[in-house]
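A quick note: this is a predicted structure, and the numbers were derived from the prediction, not measured.
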Amino acid sequence: MVKLAIPTIDGRVDNHFGHCAYYSVLTVSDDGKLGAVERVDSPQGCGCKSNMAQVLQAKGVTLMLAGNMGEGALKKLTEHGIAVIRGCSGTLEEVLDAYVKGELKDSAEACDHHDCPSGGNESVIFKIDSKL
C-alpha cells in the first residue's frame, strides 16, 4: 500500500505544487486499487515555506505526484520522506492510472524561482490513452 498526494485544482493536477488549491491524498493498494481519498487544503503562499511537508508526512504520505515545483519544495518534501515525481499532468484518474501502470518518471525539471510563469508546462512525461 502507498499513500500519495497530488497538488490539485478542479480535479486535475495543478501545474505548480506551491500554488495549488488543495492536495488530494490517495491510498492505493499493492494491487493498484484506489482506497481512501482525502482533501487537504493548501496553505496560502509558497509551498516550500509552509508546513505542508510535515502535514503530509503526518498523514502517512510517501509519494508526491506533481506538475512542477521549485527546488526548495522538493528538498523539503524529500527531507520528510516523501519521494516526488514531477512532470505529471491530467485528471487525477489519468495520473493515478499512469502511476499504477508504471508509466510515470520524474522529469527532473524544477522551477528555479517563485511564481513560475510557465507553470511547469514544459514537460509532459507520459501519454494518456484517449480510450481511458
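- Side-chain contact between Lys59 and Val40 is present, with heavy atoms from C-beta onward closer than 4.5 Å.
- In this structure, the separation between CG on Asp14 and CG on Asn68 is 11.0 Å, given to the nearest 0.5 Å.
- Hydrophobic clustering, with ILVMFWY side chains joined whenever heavy atoms are under 4.5 angstrom apart, groups Leu96 together with Val37.
- A donor-acceptor pair under 3.5 Å is absent between the side-chain atoms of Glu38 and the main chain of Val25, judged by distance alone.
- Between Lys75 and Glu71 there is no salt bridge, since no side-chain N of the basic residue sits under 4.0 Å from a carboxylate O of the acidic one.
- Lys3 places no side-chain N or O within 3.5 Å of a backbone atom of Thr62 that could act as its donor or acceptor partner.
- Side chain of Thr8 to main chain of Gly11: no donor-acceptor pair is present (N/O by atom type, distance under 3.5 Å, no hydrogens or angles).
- Here Asp41 pairs with Arg39 in a salt bridge; the nearest charged N to carboxylate O distance falls below 4.0 Å.
- Applying the 6.0 Å contact sphere to CG of Asp31 captures more than 12 heavy atoms from other residues, nucleotides or ligands.
- Summarising the geometry of Ala53 relative to Ile82, their closest heavy-atom pair is O-CD1, 3.8 Å, with the distance given to 0.1 Å.
- Under the 4.5 Å side-chain criterion, counting only non-hydrogen atoms from C-beta, Ile9 is not in contact with Tyr22.
- Atoms OG and CZ, on Ser89 and Arg12 in that order, are 7.5 Å from each other to the nearest 0.5 Å.
- Closest non-hydrogen pair, Phe17 versus Tyr23, comes out as O-OH, 3.0 Å.
- Closest non-hydrogen pair, Leu65 versus Cys88, comes out as CB-SG, 4.0 Å.
- Here the NZ-CZ distance, from Lys105 to Arg86, works out to 15.0 Å after rounding to the nearest 0.5 Å.
- Tracing side-chain contacts under 4.5 Å through hydrophobic residues (I, L, V, M, F, W, Y), one never reaches Leu26 starting from Met1; they form parts of separate clusters.
- Shown here for Met64 and Pro7, the closest heavy-atom pair between the two residues is SD-CD, 3.5 Å.
- Atoms NZ and CD, from Lys76 and Gln54 in turn, are 6.5 Å apart once rounded to the nearest 0.5 Å.
- Separating the CD1 atom in Ile85 from the CG atom in Leu104 is a distance of 5.0 Å, to the nearest 0.5 Å.
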inquiry  = As a quick check of understanding, evaluate side-chain contact (heavy atoms from CB on, under 4.5 Å) for Val100 and Lys33, giving each step before the final call.
reply    = CA-CA 9 Å; Val100 168; Lys33 303 288 186 221; over 6 Å; no
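- Atom CG of Leu63 is separated from atom CD1 of Ile6 by 8.5 Å, given to the nearest 0.5 angstrom.
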